[in-house]
Amino acid sequence: RMSAVLDIVKRHSAQYADVWIHDRLHWEVNQLCSHHTLQEIYIDKFDTLDERIRDQMNEGIQDFTPGLEVVAVRITKPRIPEIIRVNYERVEELKAQLLVVEQHAVRS
């Protein structure tokens with residue numbers, strides 16, 4: 001592994017982490033968020049986000065920096081702006097009300 005470290009620093013400088021870790025993490029999170037809903041990110045899939053992002057980062061990193069491996073990623077729950085949270089809760093409430101109405105209509 002020491003030879004891999006030396007090679008990475010030679011090719012990418014001592015600031016390799018800026019490009020291959022920090023920037024890559026930001027890019028992977030943006031990709032994930034752009035392909036999933038708020039419900040999926042915040043609730044349904046949140047428990048698997050760390051592993052998904054780690055795996056995606058490692059896939060991309062290995063093509064350009066063999067020997068560099070992201071061992072773990074920890075993503076905190078996103079802070080949802082109040083207006084989005086309120087609107088989301090309202091939509092979910094309306095969905096629940098609609099479901100109740102539909103179920104009553106089917107039973108009648």
Side-chain angles (χ1 to χ4, degrees):
R1 294 249 181 192
M2 183 58 97
S3 63
V5 171
L6 292 173
D7 185 53
I8 290 168
V9 172
K10 279 182 196 175
R11 292 186 331 174
H12 304 286
S13 83
Q15 283 74 38
Y16 70 91
D18 290 339
V19 172
W20 296 111
I21 306 295
H22 302 120
D23 294 348
R24 183 74 187 198
L25 176 61
H26 182 74
W27 188 83
E28 291 295 349
V29 169
N30 283 340
Q31 289 297 308
L32 189 75
C33 290
S34 69
H35 291 99
H36 293 86
T37 66
L38 178 61
Q39 170 81 25
E40 291 171 326
I41 295 293
Y42 198 74
I43 298 169
D44 298 340
K45 298 180 180 189
F46 186 78
D47 63 331
T48 64
L49 293 184
D50 295 340
E51 292 80 16
R52 285 175 176 224
I53 291 173
R54 180 203 60 215
D55 294 346
Q56 288 298 115
M57 287 181 68
N58 281 327
E59 283 180 26
I61 287 171
Q62 289 308 309
D63 293 339
F64 301 100
T65 56
L68 182 63
E69 178 184 6
V70 175
V71 177
V73 173
R74 291 292 167 247
I75 303 294
T76 59
K77 279 272 191 180
R79 290 189 188 107
I80 300 173
E82 184 68 14
I83 188 73
I84 293 173
R85 186 189 62 76
V86 169
N87 287 339
Y88 178 79
E89 289 173 354
R90 181 69 182 137
V91 167
E92 291 301 312
E93 182 181 317
L94 291 172
K95 284 181 186 177
Q97 290 172 1
L98 180 60
L99 183 59
V100 169
V101 169
E102 288 173 348
Q103 289 175 348
H104 284 303
V106 168
R107 292 183 186 151
S108 299

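If you read the sequence from its start, that first residue is 1, and numbering goes on from there.
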Between [atom1] on residue [X] and [atom2] on residue [Y], distance to nearest 0.5 Å:
X	Y	atom1	atom2	result
Glu93	Arg90	CD	CZ	5.0 Å
Arg24	Gln56	CZ	CD	8.0 Å
Met57	Leu68	CE	CG	8.5 Å
Leu38	Ile80	CG	CD1	4.5 Å
Ile43	Lys77	CD1	NZ	6.5 Å

Next on the checklist: Just to verify, what does Arg85 make a salt bridge (charged side-chain N to carboxylate O under 4.0 Å, His left out) with, not counting sequence neighbours?
Outcome noted: Glu82, Glu89
Checklist entry - Sequence neighbours excluded, which residues qualify as side chain to side chain donor-acceptor pair (under 3.5 Å) partners of Gln15? => result Ser13
Item to check | Those residues that, when tested against Asp63, pass side chain to side chain donor-acceptor pair (under 3.5 Å) (two or more places apart) | outcome: none
Checklist entry - Would you say the side-chain atoms of Asn58 pair up with the backbone N or O of Val70, donor to acceptor, closer than 3.5 Å? => result yes
Checklist outcome for this item: Applying ring pair (Phe, Tyr, Trp, His ring centres under 6.0 Å) to Tyr42 and not counting sequence neighbours gives none
Checklist entry - Could you go step by step and tell me if Leu25 and Val29 meet the side-chain contact (heavy atoms from CB on, under 4.5 Å) rule? => result CA-CA 6 Å; Leu25 176 61; Val29 169; 4.2 Å; yes
Next on the checklist: Restricting to side chain to side chain contact (heavy atoms under 4.5 Å, CB included), what partner residues turn up for Glu40, sequence neighbours left out?
Outcome noted: His36, Thr37, Asp44, Lys45
Next on the checklist: Could you work out, with side chain to side chain contact (heavy atoms under 4.5 Å, CB included) as the rule, every residue matching Ile83, not counting sequence neighbours?
Outcome noted: Asn87
